[in-house]
Amino acid sequence: RSLEGKLRIGLAEQSVLVSLSHAIALSDPRTKLSEDKCGTALDEAVRTVKQVYSELPTYDEIVPALLKHGVKALPDHCKLRPGIPLKPMLAHPTKSLTEVLNRFENMAFTCEFKYDGERAQIHLLESGDVKIYSRNSEDLSVKYPDIMQRLPKIIGPGVTSFVMDSEAVAWDREQKCILPFQVLSGRKRKDVAAEDVKVQVCVFGFDLLYLNGETLTHKSLVERRVLLHTNFNHVEGEFAFAKHMDGSSVEQIQTFLEESVTGNCEGLMVKTLEQEASYEPSKRSRNWLKLKKDYLDGVGDSLDLVVVGGFTGKGKRTGWYGGYLLACYDPDREEYQTICKIGTGFSEEALAQQAEQFKELIADGPKSYYQYGDSPNVRPDVWFEPKIVRLVL
DNA sequence: GTTGTCTGCCCC
DNA sequence: ATTCTGC
DNA sequence: GCAGAATGGGCAGACAAC
């Protein structure tokens, strides 16, 4: 966990990679370090190690290769390979179509449906083994035996190995339509047999990162997409290509966005096609933008809610409230019904100021007319008098 | 066995 | 996931 | 803009309690 940077001590993955790169570069006699070029050489080493790690995120292979061959030769020994999940490319959120058009002015770009499911990175190894990985590189192979089983139908002739980026989405076989994420999350995760799968899924492929021994990440999206479409088969209700539209006018995109929402999708992904259109593992790249319907202005309702409790903060929020319990007043029943917790969107200043504000409203316990659940995570550490109303977006 | 509580290199 | 902060 | 660390709802699984 130390190496993987998951200790929450202010030293996480990227800092570990920098440290490892520096340590190797500084101790390797092959790296000649003159005073003025030392900084540049270190930066170069970090760049190389990060690049390699993003494609083959396994210290078991990188560290021995570094020790044996040094930083410069590392990319020759550690390459993207089916069977090892690479860190998926992520998208930047945008709040309006204007923002998208602004970013991609004078560039070729494409819009894709943003499917509301689970990221699935599908690997076919030369050995014939199939593996499916989650967004966080968890092995989902056991969860999706149905996908494993149907793969032969999907793979085109001559394909011996590949890595595909896709979204697994809950699918209604009767209505032939996409079901919400909530349905998908009801699927079993362990000891799943393909025969008794209750929640069916359709896989929507949207990128191809490796094919028949060749890494495709440096190719442009338009090239990768051609390879995806020519080497895989659409299979009704089982595998489809993410729906896309390459038009660039406001009207075309607006229509496509509405179409995606009608089709039970979250909105659109907008991606560069030719320039700056490589696949950047692990990066939240500005070359991929997500335009979700609930980000858009005027979409989504706001509520007036009453703050009825506070949760003591942890870590850097120690000393004040890290989150609050909110309730909605029901005039018929004359009671406050707790509805959600809120813990983001507060600056440290607001957090401190609010702690002060609620100090005078601390109650001995929950009011008789508060209604809340049994679960401890909706039992705040401190209950408040129902005085403060907040507009929640 | 059945019920309840809590956790997760969880999913979003 | 979203959001804020220090660099 | 990056990296990191706060925090949300909701699920199946795991395990403790009965």
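The sequence lines fix the lettering, A, B, ..., with proteins before strands; numbering per chain opens at 1.
Among the heavy atoms of the strands lying under 4.0 Å from Leu140(A) are primed sugar atoms or P, OP1, OP2 only; no base atom is included. Looking at heavy-atom distances under 4.0 Å, Pro376(A) makes contact with sugar-phosphate atoms alone, never a base. Here Leu90(A) lies out of heavy-atom contact (under 4.0 Å) with every strand. Using a 4.0 Å heavy-atom distance criterion, Ser137(A) is classed as making no nucleic acid contact. Using a 4.0 Å heavy-atom cutoff across all strands shown, Lys143(A) reaches no nucleic acid atom at all.
Here OG of Ser27(A) is found 9.5 Å from CG of Leu66(A). Values are rounded to the nearest 0.5 Å. Between the CG atom of Asp246(A) and the SG atom of Cys111(A) there is a distance of 8.0 Å, given to the nearest 0.5 Å.
Among the duplex regions that DNA chain B forms, those built from at least three successive Watson-Crick or G-U pairs under 3.5 Å are B:1-8 with D:11-18, B:10-12 with D:8-10, ordered by first number.
For the segment residues 12-22 of chain A, residues with any heavy atom less than 4.0 angstrom from an atom of DNA chain D are, sorted by number, Ala12(A), Glu13(A), Gln14(A), Ser15(A). Contacts with DNA chain D (heavy atom under 4.0 Å) in residues 307-318 of chain A: Gly313(A), Lys314(A), Gly315(A), Lys316(A), Arg317(A), listed by number. Taking every heavy atom of residues 174-197 of chain A and every atom of DNA chain D, pairs under 4.0 Å involve Gln182(A), Ser185(A), Gly186(A), Arg187(A), Lys188(A), Arg189(A), Lys190(A), by number. Non-hydrogen atoms lying under 4.0 Å from DNA chain D are contributed by nothing in residues 108-123 of chain A.
The separation between Arg379(A) atom CZ and dC6(B) atom C1' is 14 Å, rounded to whole Å. Atom OH of Tyr59(A) is separated from atom C1' of dC9(B) by 13 Å (rounded to the nearest Å). With rounding to whole Å, Lys198(A) atom NZ is found 16 Å from dC11(D) atom C1'. For the pair Asp374(A) CG and dG10(D) C1', the interatomic distance rounds to 17 Å; values are reported in whole Å. For Lys87(A) and dC2(D), the NZ to C1' distance is 16 Å, given to the nearest whole Å. Atom-to-atom, CG of Asn377(A) to C1' of dG10(D) comes out at 10 Å; the value is rounded to the nearest Å. The nearest whole Å value for the distance from the NZ atom in Lys50(A) to the P atom in dG1(D) is 17 Å. Lys292(A) places its NZ atom 14 Å from the C1' atom of dT3(C), with the value rounded to the nearest Å.
Ring planes of Tyr370(A) and Trp383(A): tilted class, angle from 30 to 60°.
Taking only side-chain nitrogens and oxygens, Arg284(A) never comes nearer than 4.0 Å to OP1 or OP2 of dC2(D). Close to dC12(B), at under 4.0 Å from its OP1 or OP2, lies no side-chain N or O of Lys290(A). Taking 4.0 angstrom as the limit, Asn136(A) places a side-chain polar atom (N or O) nearer than this to OP1 or OP2 of dC10(B). Residue His92(A) places no side-chain N or O under 4.0 Å from the OP1 or OP2 atom of dT2(C). Phosphate contact (OP1/OP2 of dC11(B), side-chain N/O of Ser134(A), threshold under 4.0 Å): present.
In this view, Lys316(A) satisfies the salt bridge (Lys or Arg N to Asp or Glu O under 4.0 Å) rule with no residue, not counting sequence neighbours. When the salt bridge (Lys or Arg N to Asp or Glu O under 4.0 Å) test is applied to Lys79(A), no partner is found at least two apart in sequence or on another chain. Gln121(A) pairs by the side chain to side chain donor-acceptor pair (under 3.5 Å) definition with His123(A), not counting sequence neighbours. Here His69(A) pairs with His77(A) under the ring pair (Phe, Tyr, Trp, His ring centres under 6.0 Å) rule; sequence neighbours left out. For Glu214(A), the salt bridge (Lys or Arg N to Asp or Glu O under 4.0 Å) partners two or more places apart in sequence, or in a different chain, are Lys219(A).
When ring centroids are compared, Phe109(A) and Trp288(A) stay outside the 6.0 Å threshold. Taking the six-membered ring for Trp and the full ring otherwise, the centers of His229(A) and Phe241(A) sit less than 6.0 Å from each other. Between Phe162(A) and Phe232(A), the gap from one ring centroid to the other is short of 6.0 Å. Under the 6.0 Å cut-off for aromatic ring centres, Phe113(A) and Phe204(A) do not qualify, their centroids lying 6.0 Å or more apart.
Between dT5(B) and dC9(B), the distance separating the two P atoms is 23 Å to the nearest Å. Distance noted for atom P between dC6(B) and dG8(D): 16 Å (whole Å).
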Full working for side chain to side chain donor-acceptor pair (under 3.5 Å) between Arg225(A) and Thr110(A): CA-CA 11 Å; Arg225(A) 196 166 68 184; Thr110(A) 185; 3.0 Å; yes
Residues Glu274(A), Ser220(A); criterion side chain to side chain donor-acceptor pair (under 3.5 Å); working and verdict: CA-CA 5 Å; Glu274(A) 292 162 16; Ser220(A) 68; over 6 Å; no
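Toward the 5′ end of DNA chain D lies the nearest nucleotide of Lys283(A), the other residue of the pair Tyr324(A) and Lys283(A) mapping further downstream.
Through direct or indirect side-chain contacts shorter than 4.5 Å among Ile, Leu, Val, Met, Phe, Trp and Tyr, Val382(A) is connected to Leu303(A), Leu305(A), Val307(A), Trp320(A), Tyr321(A), Tyr324(A), Leu326(A), Ile339(A), Ile342(A), Phe346(A), Leu351(A), Phe358(A), Leu361(A), Ile362(A), Phe384(A), Ile388(A), Val392(A).
For Cys340(A), the side-chain atoms get nearest to dG9(D) when compared with the rest of dT2(C), dC4(C), dG9(D). Taking only side-chain atoms of Arg286(A), from C-beta outward, the nucleotide of dT3(C), dG1(D), dC11(B) with the closest atom is dG1(D).
Within the structure, every pair that satisfies the side-chain hydrogen bond (donor to acceptor under 3.5 Å, both in side chains) test and touches residues 177-188 of chain A, not counting sequence neighbours, is listed here: Asp146(A)-Arg187(A).
The base-pairing partner of dT3(C), taking Watson-Crick or G-U wobble contacts with both distances under 3.5 Å, is dA5(D).
A cation-pi contact links Lys341(A) to Phe311(A), judged by a cut-off of 6.0 Å to the six-membered ring centre and 45° from its axis.
Side-chain contact of Ser375(A) with Asn377(A): a donor-acceptor pair under 3.5 Å is present, judged by distance alone.
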